[in-house]
Structures are given as structure tokens and as C-alpha cells.
Asks: 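Take this structure, written in C-alpha cells, and hold onto it; I'll ask about it next.
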Amino acid sequence: MKLIKTVLFALCVAAFAPIFAQAEEMSFRVVGVNSDGCGANCPQVIAAQGEISLETPEAFVAFVRENAPGGNLHGIVLLDSPGGKVVGSMELGQAFRKLGMAVIVARPAADQSRTMALVSGRCYSACVYALMGGRKRVIPPQSSVGIHRMFNYSTSFDIGEGGLVRERNYDDGGMLQTLSRYAAMMGVSTELVKLAEQTSPDKLYMLTGADIARWRLGSRKL
């Protein structure tokens, strides 16, 4: 609890950073939190940044296993992601819950000093399903969460169209039911999933503080 407060304070005093960045596959690293003159025994948290793939959940579990034994790693994840695969995001959320991880939408500042500083993070598109898995979910006012309708692409060959044709495919209702059950299991309102499916896939609906509270996605502060 005290560590989460320290992390949130670091975010509040840090400078704002650009929301959008080039998407790379999600990677993980350990970040130290210097508090109360802890020195070599300072607690550590995980920074997770990038696009979520189908391999991300397994990679995260492996990272935790490798870094947890004998260290000062605490159950906190700093999440910053533009989205990715819906199934991979849901499975990452399940890994967060199974491991008892608290999730904060934020990222470490590029320029680290003795005390960790954080900047605003984002959790867009499918990332929201990973966020849902946190045993505690914190979305500071500086950070943002955006949702839209899920889709994927398929490629086919059509002579009439001149060759390869790329088509956008939407859910037929089956995944909506799966995600609704998952949201309910994680303590989040299923109305959030419904709203996502009603939002154009070409834009983001940015959640307000009232939305976050009403749909029980998380809190603005501890």
C-alpha cells in the first residue's frame, strides 16, 4: 500500500510525456523505487511497455519467475500500451490476477535519477482487458484509457480486385460474450465492453473519470 502511494507520488510530480509513440512488442523491465533511504534494499516494480501479442502473457510470467526469487520485486505493474491482440490481452490480465499484481497506467521517465519518476501512460484498445486483471487498478488523472470496437484483418486473393485483398473482420458476438464474462469475473461492469463494441474502430472513446468509476475499471488515486 505504501509502495503504491510512493509510485503515484512520483507520477504526480513528473513532467507530462507524449501520449502516442511508435508501437513495439511489449517488453518488461524492473524499475527501482527509492523511498525512505532504502539503499540497496529498495523495492522494485515491473514496467510493461508496448503492444500486446499472443506471446506476451507467457513472456510476462517467465519474466516474473526469473526476477522474483531472492529480490525485492513487489506485485506492481506499470502498464503503458497502445493495445494489441484481444485474446493476448485477456490472458495477460488473467496472469496479473493470478499473480496478485496491482496495475498502474503509467511508465517510468526516460531520465532516471535516484528517485524513480513516472510520466503519463496510456492503455488503449485491447489493453483495457489486460488492465482489468489487476487486483487493484489505478488510472491517475495524467494517464488515459481509450476503447473502440475490436477487429482483425484477413488477406485473400481476388483476381477481380487485382490481387491480394485485405479485409477487416468484426466479432460475430461470440467474443463479446467471452469478454463480458471475463469483465464480470474481474469486477468490471460489462457495460464497458458493450460501449467498446459500439465505438467506431477508427477512433478511440477516451474514458473520463466518471466512466472509470461508474464501470468500476479502477480509481484515479489510491
Asks: I need the minimum non-hydrogen distance between I52 and S89, along with the two atoms involved.
Replies: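 Looks like CD1-OG, 3.4 Å.
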Asks: Any side-chain heavy-atom pair from V77 and F60 closer than 4.5 angstrom?
Replies: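 When only atoms from C-beta onward are counted, F60 and V77 do touch, with a gap below 4.5 Å.
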Asks: Within the side chain of Y182, is there an N or O that forms a donor-acceptor pair under 3.5 Å with the backbone of Y129?
Replies: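 Here the side-chain-to-backbone pair exists.
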Asks: Atom CE in M132, atom CD in Q94: separation rounded to 0.5 Å?
Replies: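 Here the rounded value is 12.0 Å.
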Asks: For the backbone of T199 and the side chain of R149, can you confirm whether one donor and one acceptor N or O come within less than 3.5 Å of each other?
Replies: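 No, because the side chain of R149 does not come within donor-acceptor range (under 3.5 Å) of the backbone of T199.
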Asks: Checking R107 side chain against V119 main chain: does a donor-acceptor pair fall under 3.5 Å?
Replies: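 No, R107 side chain to V119 backbone: no donor-acceptor pair under 3.5 Å.
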Asks: Could you report the tightest heavy-atom contact between A183 and V193, atom names first, then the distance?
Replies: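 Answer, listing the atom of A183 first, then V193: CB-CG2, 3.9 Å.
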Asks: Is there a side-chain contact between V30 and Q44 (heavy atoms, below 4.5 Å)?
Replies: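 Yes, side chains in contact.
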Asks: Which heavy-atom pair separates C127 from L79 by the least distance, and what is that distance?
Replies: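 Nearest heavy atoms, C127 then L79: SG-CD2, 3.6 Å.
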Asks: Walk me through whether T178 and M175 qualify under side-chain contact (heavy atoms from CB on, under 4.5 Å).
Replies: CA-CA 5 Å; T178 297; M175 183 56 73; 4.1 Å; yes
Asks: Test V64 against L99 for side-chain contact (heavy atoms from CB on, under 4.5 Å), laying out the working first.
Replies: CA-CA 9 Å; V64 173; L99 294 170; 4.2 Å; yes
Asks: May I ask you to test the V138-K136 pair for a side-chain heavy-atom distance under 4.5 Å?
Replies: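 Yes. Closest side-chain heavy atoms under 4.5 Å.
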Asks: Between S189 and R214, is there a side-chain heavy-atom distance shorter than 4.5 Å?
Replies: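 Result no, sub-4.5 Å side-chain heavy-atom pair not found.
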Asks: Any chance you could measure E91, atom CD, to K98, atom NZ, to the nearest 0.5 Å?
Replies: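 Atom-to-atom, E91:CD and K98:NZ are 12.0 Å apart.
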Asks: Please determine if E197 and K194 form a salt bridge, counting it only when a charged side-chain N lies under 4.0 Å from a carboxylate O.
Replies: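 Answer for the salt bridge query: no.
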Asks: For S53, what residues pass the side chain to side chain contact (heavy atoms under 4.5 Å, CB included) criterion, not counting sequence neighbours?
Replies: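 For S53, the residues satisfying side chain to side chain contact (heavy atoms under 4.5 Å, CB included) (neighbours in sequence not counted) are E25, E55, T56.
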Asks: For D80 and G121, which heavy atoms make the closest approach, and how far apart are they?
Replies: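 Here D80 and G121 meet closest at OD1-CA, 3.4 Å.
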Asks: Looking only at atom types and distance, does a side-chain atom of R137 sit under 3.5 Å from a main-chain N or O of L217, one as donor and one as acceptor?
Replies: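 Yes.
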Asks: Carefully, step by step, assess L78 and I46 under the rule side-chain contact (heavy atoms from CB on, under 4.5 Å).
Replies: CA-CA 6 Å; L78 307 178; I46 297 173; over 6 Å; no
Asks: Which pair of non-hydrogen atoms, one from P82 and one from E51, has the smallest distance, and what is that distance?
Replies: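 The pair with the smallest heavy-atom distance is CD-N, 4.1 Å.
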Asks: For the backbone of G187 and the side chain of R216, can you confirm whether one donor and one acceptor N or O come within less than 3.5 Å of each other?
Replies: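 Such a contact is found between R216 side chain and G187 backbone.
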Asks: Mark yes or no for whether S143, through its side chain, and V105, through its backbone, hold a donor-acceptor pair below 3.5 Å.
Replies: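 Yes.
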Asks: P108 and Q49: which non-hydrogen atoms are nearest, and at how many Å?
Replies: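 Looks like CD-OE1, 3.9 Å.
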Asks: Side-chain contact, heavy-atom cut-off 4.5 Å: V145 with R122?
Replies: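 With C-beta onward as the side chain, the pair stays apart.
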Asks: Decide yes or no on side-chain contact (heavy atoms from CB on, under 4.5 Å) for S144 and Y124, but give the supporting numbers first.
Replies: CA-CA 8 Å; S144 55; Y124 296 157; 2.9 Å; yes
Asks: Using a 4.5 Å cut-off on heavy atoms from C-beta on, say whether the side chain of L195 contacts that of W215.
Replies: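 Yes, at least one pair of side-chain atoms sits under 4.5 Å.
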Asks: Just how far is it from atom SG of C123 to atom CD1 of I139, taken to the nearest 0.5 Å?
Replies: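 Answer rounded to 0.5 Å: 7.5 Å.
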Asks: Would you say that I76 contacts M101 through its side chain, given a criterion of any heavy-atom pair below 4.5 Å between the two side chains?
Replies: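 No; the side chains remain at least 4.5 Å from each other.
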Asks: Say you draw a straight line from CD of E191 to OG of S180; how long is it, rounded to the nearest 0.5 Å?
Replies: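 That separation rounds to 8.5 Å.
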Asks: Any side-chain heavy atom of I147 within less than 4.5 Å of one from L192?
Replies: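 I147 reaches L192 side chain to side chain.
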Asks: Do Y205 and S200 have side-chain N/O donor and acceptor atoms under 3.5 Å apart?
Replies: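 No, no side-chain donor-acceptor contact under 3.5 Å.
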Asks: Is the backbone N or O of G50 less than 3.5 Å from a side-chain atom of S81, with the two atoms forming a donor-acceptor pair by type?
Replies: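 Yes; judged by distance alone, with no hydrogens or angles, the pair exists.
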